[in-house]
Colleague: 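Just passing along the structure, written as structure tokens.
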Amino acid sequence: MSSSEAATQQRGHSSTSQTGVNVDGNKSKSLAQKVRKREKSQPNLQGYLQKWTNLVKGFQRRWFVLDQGVLSYYLDQSEAHQQSRGSIRLKGALIEHVDACTFSVTNSSGDLNFRIKAASEAERQTWIVALELAKAGTVEVASPAKSSEGGRCRRTRVPDKPNYPLSLWSIVKNCIGKDLTKIPMPVNFNEPLSMLQRLTEDYEYSDILDVASNCEDECEQLAYMAAFTASSYATSSNRINKPFNPLLGETFECDRMDDLGWRCIAEQVSHHPPIAALHCESKNWQCWQEFTMTSKFRGKYMQVIPLGTAFVSFPKTGTRYSWRKVTTTINNIIVGKLWVDQEGEMEIVDANSPQGSKCILTYVPYSYFGREQQRSVKGVVLNRHKQAKWLIRGTWDEQIEIAPVLRTQGTPDNPSYSTGAYKVAWRRRPAPVESEKYYNLTTLACQLNEPEDGVAPTDSRHRPDQRLMEQGLWDESNQEKLRLEEKQRAVRRVREEKAKQGFKVPDYQPLWFKRENASENAMHVYNHKYWEAKTTQSWSDCPDIY
């Protein structure tokens with residue numbers, strides 16, 4: 001392994017999720033028939049694959065580009081315009097089948113090898129055919145922007161944010177001390193996503209969960225869990241616009257099994273108080289959460305205090321953990337540049353046993369006079385005997401490192417630890433080019449509101465106010481927002497009037513979640529009906545909310 005390859009692996013984090021590749025066609029054997037010449041500036045083939053690294057002993061998700069007889073890879077697609085993390089010239093290279101989904105490429109001198117896993121056998125064969133053609137000197141392989149096995153070309157950005165000046169103070173000066181969830185706000189302060197979609201962004205770095213699922217040591221598993229919880233805050237450092245508040249009965253699905261290895265369904269299950277329920281699943285883990293919050297405007301700053309609980313389970317190890325999110329503070333509401341901070345203590349606990357292992361993670365609030373690094377996160381994993389086993393350090397907007405504890409000294413109130421080498425458990429991906437022009441959205445965030453056929457009629461992507469806002473038509477969006485909110489209030493007034501007249505009005509029941517007890521707390525959990533309904537397109541029970 002070359003020194004440049006080793007440096008590459010230190011930059012990444014482990015992943016075992018399956019990903020797609022930008023190739024059209026279900027049968028790769030017909031690929032050679034599609035060979036045609038193109039401009040030399042365009043790549044032959046490109047897409048996400050899994051690359052084996054010796055540093056972490058596992059596969060990591062990487063963006064591969066085959067161009068003019070050279071196979072190169074990058075941390076992700078946004079880096080493709082920069083220098084590659086590693087490359088192999090195919091002239092004289094050895095291309096070998098390994099198993100149904102895996103192949104290897106070794107350079108002519110034999111000192112550099114890429115071991116690569118595709119999402120399917122057909123995808124693997126597509127790449128091998130393309131590599132062999134490039135090795136033989138064929139100029140180009142057709143590669144329309146679709147993933148294999150019936151995948152799709154996904155967008156990588158949204159329209160730029162238009163310039164609509166509006167005074168925040170003119171809106172909120174009479175709102176000090178009030179709950180902001182009950183205050184109508186114009187879309188000028190929004191981003192073109194709903195809260196259901198924003199919650200789905202928690203799984204942008206789901207590959208950390210894949211790594212955690214393979215940990216045999218539950219304390220190491222908890223250390224990776226700490227890194228995953230921190231990753232969900234990464235974009236909040238420069239995302240100061242609020243998401244749309246979901247309507248009662250609004251849903252959002254995100255099926256990325258073909259390329260990211262997971263799918264998610266979320267639903268707004270209550271209006272007062274506003275509660276969203278979410279279920280996300282992959283072959284390695286399952287996550288579910290109920291999200292509600294309180295928020296207060298205090299003049300110079302606003303605080304968002306989450307109240308719900310999140311869970312994850314790993315079928316392979318049988319472990320299950322729960323945690324609550326920390327407080328988000330938005331500073332300089334009236335004067336100065338807005339900036340966001342996370343603060344508080346998070347406990348990730350063994351949901352199966354109150355006496356089990358746990359991780360105590362502290363999000364340190366920024367202090368002008370403090371010595372801590374801004375946006376700092378630090379924590380410790382304790383086993384069931386209260387012994388420190390892993391340490392966590394880093395920042396919630398950049399990266400988290402973890403290290404095993406070798407020895408503990410000092411007093412229980414002031415311990416000191418000797419650790420092994422720290423390793424990167426999570427590192428934030430670079431922001432897309434010019435993302436500051438479109439709300440600082442990540443590539444995944446841009447794809448969440450992309451129109452898609454076959455989803456439920458209550459899906460957030462059907463919201464007319466949100467769609468109009470994304471298109472830059474903010475005046476029309478504000479009109480639609482008022483219409484939708486009034487329509488929701490009218491439905492509630494009808495229910496209240498029937499109750500006053502003596503009619504028995506049943507409580508509102510969500511379609512895809514049911515209220516159950518979990519760890520002694522009642523919460524909404526998935527009823528396992530949504531994906532079947534999508535397959536049969538059985539949406540007759542969906543409410544008319546738009």
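From a predicted model like this one, the values you see are computed outputs, not experimental measurements.
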Colleague: Does a donor on one side chain sit under 3.5 Å from an acceptor on the other, for S206 and W262?
Modeller: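 Short answer, yes.
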Colleague: Surrounding CD of E216 (heavy atoms of other residues, nucleotides or ligands, distance under 6.0 Å), is the total greater than 12?
Modeller: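 Not buried by this count: 12 neighbours or fewer within 6.0 Å.
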Colleague: Is NZ or CZ of R124 both nearer than 6.0 Å to the six-membered ring centre of F103 and within 45° of the ring axis?
Modeller: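 No, cation not above the ring by the 6.0 Å, 45° rule.
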Colleague: Of all heavy-atom pairs between C264 and L278, which one has the smallest distance, and what is that distance?
Modeller: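 Reported closest heavy-atom pair: SG-CG, 3.5 Å.
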Colleague: So, for Y74 and W63, is the gap between ring centers shorter than 6.0 Å?
Modeller: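 When the ring centroids of Y74 and W63 are compared, they turn out to be at least 6.0 Å apart.
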Colleague: At what distance, to the nearest 0.5 angstrom, does CZ of R463 lie from CG of L468?
Modeller: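 One gets 11.5 Å once the value is rounded to the nearest 0.5 Å.
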Colleague: Please tell me if the side chains of W396 and T229 come closer than 4.5 Å, counting only heavy atoms from C-beta onward.
Modeller: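 W396 vs T229: side chains apart.
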Colleague: Check salt bridge (charged side-chain N to carboxylate O under 4.0 Å, His left out) between D202 and all other residues, then give those that pass, not counting sequence neighbours.
Modeller: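 Salt bridge (charged side-chain N to carboxylate O under 4.0 Å, His left out) check on D202 returns K325.
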Colleague: Examine distances only and state if a side-chain atom of D99 and a backbone atom of T102 form a donor-acceptor pair shorter than 3.5 Å.
Modeller: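 Yes, the answer is positive, given that a donor and an acceptor are paired below the 3.5 Å cut-off.
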Colleague: Is a side-chain donor-acceptor pair under 3.5 Å present for S477 with W474?
Modeller: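 The answer is no; no qualifying pair exists.
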Colleague: Take W323 and L361, measure what side chain to side chain contact (heavy atoms under 4.5 Å, CB included) needs, and give me the verdict at the end.
Modeller: CA-CA 10 Å; W323 68 96; L361 200 60; over 6 Å; no
Colleague: With respect to E191, which candidate in R198, K161, Q466 satisfies the side-chain hydrogen bond (donor to acceptor under 3.5 Å, both in side chains) definition?
Modeller: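 Answer after filtering R198, K161, Q466: R198.
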Colleague: Hey, is R263 close enough to E281 for a salt bridge, meaning N to O under 4.0 Å?
Modeller: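 Yes, R263 and E281 are salt-bridged.
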Colleague: Rounded to the nearest 0.5 Å, what separation is found between the CE atom of M469 and the CG atom of N241?
Modeller: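 Those atoms lie 6.5 Å apart.
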Colleague: Ignoring hydrogens and geometry, is there a side-chain-to-backbone donor-acceptor pair from D255 to M257 under 3.5 Å?
Modeller: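 Checked: pair present.
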Colleague: If only atom types and distance count, is the side chain of Y526 paired as donor or acceptor with the main-chain N or O of C280 below 3.5 Å?
Modeller: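 Not confirmed, Y526 side chain does not pair with C280 backbone.
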Colleague: What I want to check is whether the side chains of T395 and Q374 have a donor and an acceptor closer together than 3.5 Å.
Modeller: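 Looking only at side-chain atoms, Q374 and T395 do not form any donor-acceptor pair under 3.5 Å.
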Colleague: Any donor-acceptor pair under 3.5 Å linking the side-chain atoms of S237 with those of R428?
Modeller: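 There is such a pair between these side chains.
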Colleague: What's the shortest heavy-atom distance between Y203 and Q289, and which atoms?
Modeller: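 Looks like OH-NE2, 3.9 Å.
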Colleague: Does D397 pair with R375 as a salt bridge, N-O distance under 4.0 Å?
Modeller: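 Yes, this pair counts.
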Colleague: Quick one: OG on S357 to CG on D217, what's the gap to the nearest 0.5 Å?
Modeller: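 The CG atom of D217 is 8.0 Å from OG of S357, to the nearest 0.5 Å.
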Colleague: For residues W127 and G47, report the shortest heavy-atom separation together with the two atoms involved.
Modeller: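 Shortest heavy-atom contact: CZ2-N, 4.0 Å.
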Colleague: Can you classify the ring geometry of Y73 versus F114 as parallel (below 30°), tilted (30 to 60°) or perpendicular (above 60°)?
Modeller: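 Perpendicular: the ring planes of Y73 and F114 meet at over 60°.
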Colleague: Output yes when K529 and E532 qualify as a salt bridge under the 4.0 Å nitrogen-oxygen rule, no when they do not.
Modeller: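 No.
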Colleague: Assess the residue pair Q125 and V129 against the criterion (side chain to side chain contact (heavy atoms under 4.5 Å, CB included)); give the C-alpha distance rounded to whole Å, side-chain angles, the decisive distance to 0.1 Å, and a yes or no.
Modeller: CA-CA 6 Å; Q125 188 63 20; V129 170; 3.8 Å; yes
Colleague: At their closest point, which heavy atom of V312 faces which heavy atom of W288, and how far apart are they?
Modeller: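 Between these two residues, the closest heavy atoms are C-CZ3, 4.4 Å.
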Colleague: Can you measure from CG (D160) to CD (E436) and round to the nearest 0.5 angstrom?
Modeller: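 If we round to the nearest 0.5 Å, D160:CG and E436:CD are 9.0 Å apart.
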Colleague: Are there more than 12 heavy atoms of other residues, nucleotides or ligands under 6.0 Å from atom CZ of R157?
Modeller: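 Yes.
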Colleague: In terms of heavy-atom contacts, does CD of Q83 have more than 12 from other residues, nucleotides or ligands at under 6.0 Å?
Modeller: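 Count not over threshold, so no.
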Colleague: To check you understand the geometry: which heavy-atom pair defines the closest contact between C219 and V381, and what is its length?
Modeller: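 Smallest interatomic distance, heavy atoms only, reads O-CG1, 3.6 Å.
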Colleague: Aromatic ring centroids of Y530 and W539 under 6.0 Å?
Modeller: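 So the answer is yes for these two rings.
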Colleague: For E218 and T319, which I'm curious about, is there any donor-acceptor pair between the side chains at under 3.5 Å?
Modeller: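 On atom types as modelled, these side chains do not qualify, holding no pair under 3.5 Å.
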Colleague: Is a side-chain donor-acceptor pair under 3.5 Å present for T156 with T443?
Modeller: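 Result is no, nothing qualifies.
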Colleague: Under 3.5 Å, is there a donor-acceptor pair between the Q342 and S236 side chains?
Modeller: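 Distance-only check passes for Q342 and S236.
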Colleague: For S109, which residues count as a side-chain hydrogen bond (donor to acceptor under 3.5 Å, both in side chains) partner, sequence neighbours excluded?
Modeller: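 Result, side-chain hydrogen bond (donor to acceptor under 3.5 Å, both in side chains) vs S109: N107, D111.
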Colleague: Which atoms form the tightest heavy-atom contact between C446 and R155, and what is the distance?
Modeller: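 Distance-wise, the nearest heavy atoms are O-NE, 2.7 Å.
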Colleague: Do you see a donor-acceptor pair shorter than 3.5 Å between the side chains of K316 and N284?
Modeller: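 No, N284 and K316 have no side-chain donor paired with an acceptor closer than 3.5 Å.
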Colleague: Salt bridge check: are E220 and K423 linked by an N-O gap of less than 4.0 Å?
Modeller: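 Salt bridge between E220 and K423, a charged N being under 4.0 Å from a carboxylate O: yes.
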